[in-house]
Amino acid sequence: MAYQGLRIARSILFRVFLIGFLFLILAWFCLIFGKAYWTDLLMVKWHIGNPALIDILIIAFFALAKFVLFFYVLIPAIAISWTLCKLDKQQA
């Protein structure tokens, strides 16, 4: 029962990663299937930007989201998990 706070933090980080990754996949599918509609809406109706700029912004968004999910959520969760395994082996 020792290190309960670390176990909770690990569980929260793994769940945040899983939920964030699922939302990222959902956003990617929405982009794939709705890109023509949204690009047309931005260009014709709202007169915002050009298609090349929008593509760059979309790629930047997905790159940043993956970076945050992996390096700020998954890596600390794995490190905490590894630490807990070592501490459990030392106690046994």
So, are R7 and D88 salt-bridged, with charged N and O less than 4.0 Å apart? yes
Any sub-3.5 Å donor-acceptor pair from T39's side-chain atoms to K35's backbone N or O? yes
F14 CZ: over 12 foreign heavy atoms closer than 6.0 Å: yes
Tell me whether V16 shares a hydrophobic cluster with F62, the cluster being built from Ile, Leu, Val, Met, Phe, Trp, Tyr side chains joined at under 4.5 Å. yes
Quick one: which of V73, I78, I8, L18 gives a side-chain contact (heavy atoms from CB on, under 4.5 Å) with L13? V73
Please round to the nearest 0.5 Å and tell me the distance separating atom CD1 of I75 and atom CD1 of I80. 12.0 Å
Please report the interatomic distance CG(L6) to OG(S11), rounded to the nearest 0.5 Å. 10.5 Å
Going only through I, L, V, M, F, W and Y residues with side-chain contacts under 4.5 Å, is there a path from I32 to L26? no
S81 to R10 - nearest heavy-atom pair and separation: CB-CD, 3.5 Å
Is F67 linked to I59 within one hydrophobic cluster, defined over Ile, Leu, Val, Met, Phe, Trp and Tyr using a side-chain heavy-atom separation of less than 4.5 Å? no
With rounding to the nearest 0.5 Å, note down the distance linking OG1 in T83 to NZ in K86. 8.5 Å
Check for me, please, whether M43 and L31 land in the same ILVMFWY cluster - side-chain distances under 4.5 Å, paths through other members count. yes
Y72 OH: over 12 foreign heavy atoms closer than 6.0 Å: no
Would you say the side chain of I54 lies within less than 4.5 Å of the side chain of N50, judging by non-hydrogen atoms? no
Where do L24 and A65 come nearest, in terms of heavy atoms and distance? CD1-CB, 3.6 Å
Determine, stepwise, if the pair K66 / F61 fulfils side-chain contact (heavy atoms from CB on, under 4.5 Å). CA-CA 9 Å; K66 285 192 300 187; F61 166 75; over 6 Å; no
Check this for me: does any side-chain nitrogen of one of D40 and K45 sit under 4.0 Å from a carboxylate oxygen of the other? no
Connected via hydrophobic side-chain network under 4.5 Å: L64 and I56: no
L87 CG to Y3 OH distance, which is reported to the nearest 0.5 Å: 4.5 Å
Nearest 0.5 Å please: distance from the CG atom of L22 over to the CZ atom of F17. 9.0 Å
